[in-house]
Participant: 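Have a look at this one.
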Amino acid sequence: MANWKWLWLGATPIKKFPTPILEPLGPFFAAGLIVLYGVNSLQNAMMKSDEWKDDPRNPNAKKGGH
């Protein structure tokens with residue numbers, strides 16, 4: 001009688017299957033973190049380069065004048 005609430009909807013409750021999610025996708029999560037770390041390192045290195053260190057769009061640029 002526990003399923004009587006679902007009968008008026010014409011549906012049965014969703015059955016839970018023991019599907020592994022983290023174990024097969026773990027390498028992809030790890031690779032994503034490695035890529036994000038690499039991109040962040042490259043962006044920080046570019047902001048400190050001579051070409052961009054005085055650019056006004058650079059958050060690390062020295063504020064001057066105004």
Side-chain angles (χ1 to χ4, degrees):
M1 286 305 287
N3 293 336
W4 67 271
K5 290 189 263 184
W6 294 96
L7 292 177
W8 69 273
L9 293 174
T12 56
I14 298 171
K15 184 176 179 182
K16 293 182 181 178
F17 291 101
T19 306
I21 298 295
L22 291 179
E23 188 174 345
L25 294 179
F28 296 100
F29 292 143
L33 290 175
I34 292 170
V35 167
L36 287 176
Y37 178 77
V39 168
N40 184 36
S41 298
L42 285 173
Q43 287 178 339
N44 288 335
M46 284 190 216
M47 285 194 309
K48 294 177 185 176
S49 69
D50 290 336
E51 184 179 357
W52 295 102
K53 71 178 175 184
D54 294 328
D55 194 282
R57 295 172 290 181
N58 186 349
N60 297 329
K62 295 177 182 171
K63 307 288 185 212
H66 309 291

Participant: Over all heavy atoms of both residues, which pair between Met46 and Trp52 is shortest? Give the atoms and the distance, please.
Facilitator: O-CB, 3.6 Å

Participant: Just how far is it from atom CG of Leu36 to atom OG of Ser41, taken to the nearest 0.5 Å?
Facilitator: 10.5 Å

Participant: How far does CZ of Phe28 sit from CG of Leu33, to the nearest 0.5 angstrom?
Facilitator: 14.0 Å

Participant: Considering all heavy atoms of both residues, which atom of Asn58 and which atom of Lys53 are nearest to each other, and what is their separation?
Facilitator: ND2-CA, 3.7 Å

Participant: Do you reckon Phe29 sits in the same ILVMFWY cluster as Val35, going by side-chain contacts under 4.5 Å, direct or chained?
Facilitator: no

Participant: Applying the 4.5 Å side-chain criterion to the ILVMFWY set and letting contacts propagate, would Leu22 and Leu25 be lumped into a single cluster?
Facilitator: yes

